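Structure first, commentary second.
Computed from a prediction, not measured in an experiment: that's the story for all the values here. Residues: numbered from 1 along the sequence shown.
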Amino acid sequence: MIGLAYGITEKIASGNGVAIIFGIIFPMHIIWQMNQGRHFYKYQKAKNENNHKIAKKELFLATFTIFLIHGCWDALISLVDYFASASTGANSDILGGILLIITIIFGTIYIIISIIKAIKVMKSNKKAMNKIEELWE
């Protein structure tokens, strides 16, 4: 819920119409938070097993990589909005359209891959899967 609330607040505060629409369609803050948790769990597990190489990798993925993806996502959305509202001619429309398509493709692929990985984690944890099945009943 924190990721969802932050995503909504960030998009409204930006006043960027494209960002608000993308925030509704793509729940990226929730996905990023979920991926951070998954990588941080792997970091803690590797650290407890004294596997420093894996621990460093997972900590890097839980922090820097997620923040980099977040920043690139926000930058792409800002660029799409800029080119959509720019009145510099056909070139800005074409570039804005290309960036829009790239953003939609990236967001869709990232969400699908993240959900598949989350399902794998849940399936490996029988207790969590039982809880989800109870909620669906």
Side-chain angles (χ1 to χ4, degrees):
M1 294 309 292
I2 291 170
L4 177 62
Y6 182 78
I8 291 169
T9 304
E10 179 187 60
K11 300 309 179 222
I12 291 172
S14 74
N16 180 336
V18 173
I20 293 169
I21 293 168
F22 269 89
I24 292 167
I25 297 171
F26 297 100
M28 295 302 266
H29 285 87
I30 296 169
I31 299 293
W32 290 321
Q33 200 171 27
M34 180 181 69
N35 284 331
Q36 275 186 306
R38 184 171 49 83
H39 288 297
F40 191 74
Y41 173 78
K42 288 180 180 180
Y43 156 75
Q44 287 180 321
K45 186 177 177 186
K47 187 176 163 188
N48 289 339
E49 295 170 354
N50 287 326
N51 190 338
H52 300 292
K53 184 177 179 180
I54 298 292
K56 285 180 185 178
K57 174 189 157 200
E58 291 300 332
L59 185 60
F60 180 79
L61 291 171
T63 54
F64 181 76
T65 304
I66 297 292
F67 295 134
L68 180 66
I69 292 169
H70 184 174
C72 290
W73 176 257
D74 285 350
L76 274 173
I77 291 173
S78 294
L79 286 170
V80 168
D81 182 59
Y82 171 77
F83 287 116
S85 61
S87 59
T88 57
N91 288 340
S92 66
D93 290 342
I94 292 170
L95 189 53
I98 291 169
L99 289 175
L100 176 66
I101 291 167
I102 289 170
T103 306
I104 290 170
I105 290 170
F106 173 78
T108 303
I109 291 170
Y110 186 78
I111 288 173
I112 290 169
I113 290 171
S114 296
I115 290 171
I116 289 169
K117 287 183 179 188
I119 289 170
K120 285 181 183 179
V121 169
M122 295 297 254
K123 284 184 177 178
S124 70
N125 186 338
K126 296 290 183 190
K127 185 177 176 183
M129 278 306 291
N130 290 338
K131 187 68 173 172
I132 289 174
E133 289 171 1
E134 287 176 22
L135 292 171
W136 284 104
E137 293 176 353

* For Leu95 and Tyr82, run side-chain contact (heavy atoms from CB on, under 4.5 Å): C-alpha distance rounded to whole Å, both residues' side-chain angles, the deciding distance at 0.1 Å, then the answer. => CA-CA 10 Å; Leu95 189 53; Tyr82 171 77; over 6 Å; no

Would you kindly confirm whether [X] and [Y] end up in one hydrophobic cluster when ILVMFWY residues are joined by side chain heavy atoms under 4.5 Å apart?
{"X": "Leu59", "Y": "Tyr41", "result": "no"}
{"X": "Ile66", "Y": "Ile111", "result": "yes"}
{"X": "Ile112", "Y": "Met34", "result": "no"}
{"X": "Trp32", "Y": "Ile25", "result": "yes"}

For the atom pair [atom1] ([X]) and [atom2] ([Y]), what is the distance rounded to the nearest 0.5 Å?
{"X": "Ile30", "Y": "Asn35", "atom1": "CD1", "atom2": "CG", "answer": "12.0 Å"}
{"X": "Arg38", "Y": "Glu58", "atom1": "CZ", "atom2": "CD", "answer": "8.0 Å"}
{"X": "Thr103", "Y": "Leu76", "atom1": "OG1", "atom2": "CG", "answer": "4.0 Å"}
{"X": "Leu99", "Y": "Ser78", "atom1": "CG", "atom2": "OG", "answer": "11.0 Å"}
{"X": "Lys57", "Y": "Thr65", "atom1": "NZ", "atom2": "OG1", "answer": "10.0 Å"}
{"X": "Gln33", "Y": "Ile31", "atom1": "CD", "atom2": "CD1", "answer": "10.5 Å"}

* To do: State which residues pass side-chain contact (heavy atoms from CB on, under 4.5 Å) with Ile104; sequence neighbours excluded, sorted by chain then number.
  => Phe22, Phe26, Leu100, Thr108

Can you see which heavy atom on [X] is nearest to which on [Y], and at what distance?
{"X": "Ala46", "Y": "Ala55", "answer": "CB-N, 3.6 Å"}
{"X": "Gly107", "Y": "Met28", "answer": "CA-CE, 4.3 Å"}
{"X": "Gly96", "Y": "Val80", "answer": "O-CG2, 4.2 Å"}

* Measure centre to centre between the rings of His70 and Trp73, then say whether the value is under 6.0 Å. => no

* Asked: Given the side-chain rings of Tyr43 and Phe40, with only the six-membered ring counted for Trp, is the space between their centroids under 6.0 Å?
  -> yes

* To do: State, yes or no, whether a side-chain contact exists between Ile69 and Phe106 at a heavy-atom distance under 4.5 Å.
  => yes

